[in-house]
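Remarks on the structure that follows.
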Amino acid sequence: MPIYQAPLRDYQFILSELLNVYQQTDLRGFDELDTDLTDAILQGVADFTTDIMLPLNASGDLEGCKLVDGKVITPSGFKQAYKQYVEDGWATLTCDPEFGGQGLPEVIGTFATEMKTATNMAFAMYPGLTHGAYSAIHVHGSDALKQKYLAKLVSGEWTGTMNLTESHAGTDLALLRTKAVPAGDELFAISGEKIFISSGDHDLAENIIHLVLARLPDAPEGVKGISLFAVPKFLINADGSLGEANTLSATGLEHKMGIHGNSTCVMHFDGAIGELVGAAHQGLKAMFTMMNQARLGVGIQGLGVSDIAYQNALVYAKDRIQGRALSGVKQPEKAADSLLVHGDIRRMLLSQKSFNEGTRALMGQQALWLDQVERHADPEKAKQANALAALFTPIVKGFVTDQGFKACVDAQQVYGGHGYINEWGMEQYVRDIRIAMIYEGTNGVQALDLVGRKLLSDKGAALTLWSGMVKQLIQENASNEAMKPYIAGLMDAAGDLEKATGFIVQSASKNPDLIGAASMPYMQLFGITALAWMWTRVAATSLAALEAGTEEAEFYQAKLNTAKFFMSYWGSQTRSLRKQIESSSADIVDFAEADF
């Protein structure tokens, strides 16, 4: 079975030193945080995920979910594990205390989620989607709806889903056909079919609250005519007890490439009773609250699965002996040297390591921005944080899952033929994480969102705000000789991003199709630059710790070495991405259809 070591020291570094969360005095509730509290919580999650969730990952993949007499049965052990998950209170971490939550910041919850997705992505999706449903109702639901649903969703006694996709529509929600007909007493009868519904039915919880997009009879055409409804699997009586079964069912389980332990269902609604969430015809706005939460969660999946794959590949590379180093024998006492002496093995492992650690820091920053949106005492600061979080959402979802998948493939490659064999676990990681590039908006959609909405629609206001932060970091460290390798790498990446941005802005007005052609390499360029920004901050923080004197010099020196590698290996890719944007975008657009 694969091993997992929760990156608790890295969490401490990011929270205490890089993001300074314990000095965020302007953020409501942050004054209640201290290192002892957060360390205890993260250690508890580490214990639960390593001891309970990890052993179920491979067996859940092999057994999968089953649909029996219209009901989904999850893999052996999942039900007991989920019961303990709820009893231990892990579902409540970042939820509103008014409804039974612990009220912890998102920046703590994000790292808890990383450990859950690393150890068992399929299992983690059940509470992950529930948290998204909780968020949508918490932000957009009426007081009555909140009182009816939130306490049970917060505790994990009930779970939640999001029902968007229909077989004929895919990403284009304007085409959805599911109908909602008024049924009296502010209730609606929902009819239609949804596909690809993660956690659509299961035996883990006593009730499932489906958030369903549908059209009212008077709905205008297109996305402006979509409403959101809360549709429970079992109707709820006035006293809060469960009533009769609603008229909905899982009519099929998707046969998938991965995440076999999660029930991906075809859901059929046959006049099922539901209640409106938010205003009529404003469902997409409410659903995006859930979807944006999910996009951060999907990005964390890309990081978590990449990290556990890397950890195991590193152990294998140290233990497996094969061949001799090109420069001569390194381990004469053995019949061959370990894989770790070989340059290409080192390249793959260092690529994974530098991606994972840089991305973890970026995820922490994204989560802190989201906390600032909700908790900052200064409305203007909250507004700026919201703009930055929106700008980086396609990066943490699209770029991170693209590169997280590639990192898992590299980890598999380290194993050679054994990486293709089920027993070692690597092939499951590759299969599981592949979906992260597809659901919650394919990564092509994320790239288009980055360029079309985040870059062009606000005339680059959010990008300008972030660029100012990058320039400030460069200026603050320009005179520090020890920082020069990192500053130089960040300046090169930021320069390429600025030039690519200018090219797209100038070209878009002449030929809008260029936006789509350039968007994917632009997202990759932006993502690498974002990690270069984080690694420069990590380097500055690590140098300061070493200069002040520390008993953990090896930890901080490893950070500096990894930052240096990132700048030389990943940072060098920004130039080619910029050239690709400038040289191939027009060729993509102009290529004759007959020549495909």
Side-chain angles (χ1 to χ4, degrees), residues 53 56-83 85-86 120-130 132-133 153 156-170 176-178 190-214 229-235 242-274 294 301 422 428 431-432 434-436 438-440:
M53 292 176 62
L56 296 174
N57 192 43
S59 61
D61 176 63
L62 290 173
E63 183 180 342
C65 295
K66 299 178 179 65
L67 182 61
V68 180
D69 297 328
K71 297 179 181 179
V72 172
I73 300 172
T74 54
S76 300
F78 272 45
K79 191 171 183 178
Q80 294 78 9
Y82 186 78
K83 183 175 184 291
Y85 179 87
V86 171
N120 196 323
M121 177 176 164
F123 180 93
M125 289 172 65
Y126 293 102
L129 285 159
T130 301
L153 288 171
E157 294 172 77
W158 297 352
T159 62
T161 71
M162 53 194 301
N163 288 247
L164 291 77
T165 308
E166 299 179 9
S167 59
H168 64 282
L176 73 81
R177 298 170 181 164
T178 301
I190 314 298
S191 298
E193 185 176 83
K194 301 288 186 176
I195 63 170
F196 305 154
I197 308 306
S198 300
S199 311
D201 191 61
H202 54 77
D203 56 359
L204 305 182
E206 62 181 8
N207 206 4
I208 303 171
I209 313 305
H210 299 282
L211 294 192
V212 185
L213 290 180
F229 300 87
V231 187
K233 178 179 179 180
F234 290 96
L235 299 175
L242 296 185
E244 62 185 15
N246 210 345
T247 52
L248 60 90
S249 61
T251 58
L253 280 175
E254 306 288 2
H255 300 282
K256 302 170 295 184
M257 178 178 176
I259 54 169
H260 296 150
N262 191 268
S263 53
T264 306
C265 299
V266 178
M267 297 299 302
H268 182 71
F269 299 87
D270 186 12
I273 298 300
Q301 289 176 342
N422 171 271
Q428 182 188 346
R431 287 187 291 105
D432 281 354
R434 184 62 181 85
I435 186 59
I438 298 173
Y439 59 14
E440 307 309 333

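The residues of the chain are indexed from 1 along the displayed sequence.
- Listed for the T159 side chain is no donor-acceptor partner under 3.5 Å among the backbone atoms of I208.
- With sequence neighbours excluded, the residues that form a salt bridge (charged side-chain N to carboxylate O under 4.0 Å, His left out) with K83 are E87.
- A distance of 11.5 Å separates CD1 in I73 from OG in S263, rounded to the nearest 0.5 Å.
- Heavy atoms only, all atoms of each residue included: F234 and A245 are closest at CD2-CA, 3.6 Å.
- Among pairs with a residue in residues 156-168, those fulfilling salt bridge (Lys or Arg N to Asp or Glu O under 4.0 Å) read K152-E157, E166-K194, at least two apart in sequence or across chains.
- The OG1 atom of T251 lies 5.0 Å from the CD atom of E193; values are rounded to the nearest 0.5 Å.
- In this structure, the side chain of D432 engages the main chain of I259 through a donor-acceptor pair within 3.5 Å.
- Scored by the side chain to side chain donor-acceptor pair (under 3.5 Å) test, N120 finds no partners at all (sequence neighbours excluded).
- The side-chain contact (heavy atoms from CB on, under 4.5 Å) search around A124 returns M53, K116, T117, not counting sequence neighbours.
- Side-chain atoms of S249 and H268 form no donor-acceptor pair, as typed in the model, at a separation below 3.5 Å.
- Listed by chain and residue number, I195, F196 satisfy the side-chain contact (heavy atoms from CB on, under 4.5 Å) test with T165 (two or more places apart in sequence, or in another chain).
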Using atom types as modelled, flag every donor-acceptor pair under 3.5 Å from a side chain in residues 59-69 to any protein atom, sequence neighbours excluded.
residue	atom	partner	partner atom	Å
S59	OG	L56	O	3.3
D61	OD1	H260	ND1	3.0
D61	OD1	R431	NH1	3.2
D61	OD1	R431	NH2	3.4
D61	OD2	R431	NH2	2.8
E63	OE1	S76	N	3.0
E63	OE1	S76	OG	3.1
E63	OE2	S76	N	3.2
E63	OE2	S76	OG	3.2

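- N207 and P232 make their closest contact through ND2-CB, 4.0 Å (heavy atoms, listed as atom of the first residue, atom of the second, distance).
- Atom-to-atom distance recorded for T74:OG1 and D203:CG is 3.5 Å, nearest 0.5 angstrom.
- Nearest heavy atoms, P127 versus Y82: CD-CE1, 4.4 Å.
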Inset, instruction - Assess whether side chain to side chain contact (heavy atoms under 4.5 Å, CB included) is satisfied between Q428 and N422, documenting all intermediate values. - result: CA-CA 7 Å; Q428 182 188 346; N422 171 271; 6.0 Å; no
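- Residue I190 comes nearest to V231 through the heavy atom pair CG1-CG2, 3.9 Å, listed as atom of the first residue, atom of the second, then distance.
- Annotation: the span from M267 atom CE to T178 atom OG1 amounts to 11.5 Å, rounded to 0.5 Å.
- Scanning for side chain to side chain donor-acceptor pair (under 3.5 Å) contacts around E206 gives W158, with sequence neighbours left out.
- Contacts of A133 classified as side-chain contact (heavy atoms from CB on, under 4.5 Å), with partners at least two apart in sequence or in another chain: L211, M290.
- Within the structure, the salt bridge (Lys or Arg N to Asp or Glu O under 4.0 Å) test picks out no pair touching residues 256-270 (sequence neighbours left out).
- Scanning for side chain to side chain donor-acceptor pair (under 3.5 Å) contacts around Y126 gives an empty result, with sequence neighbours left out.
- Listed by chain and residue number, nothing satisfies the side chain to side chain donor-acceptor pair (under 3.5 Å) test with T130 (two or more places apart in sequence, or in another chain).
- When all heavy atoms of A250 and V72 are compared, the pair lying nearest together is CB-CG2, 4.5 Å.
- Rounding to the nearest 0.5 angstrom, the gap separating the CZ atom in F78 from the NE2 atom in H202 is 12.0 Å.
- How far CD1 of I435 is from CD of E440: 9.0 Å, rounded to the nearest 0.5 Å.
- By the salt bridge (charged side-chain N to carboxylate O under 4.0 Å, His left out) test, D201 pairs with K233, sequence neighbours left out.
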Legend entry - side chain to side chain contact (heavy atoms under 4.5 Å, CB included) assessment of T161 paired with L129: CA-CA 6 Å; T161 71; L129 285 159; 5.7 Å; no
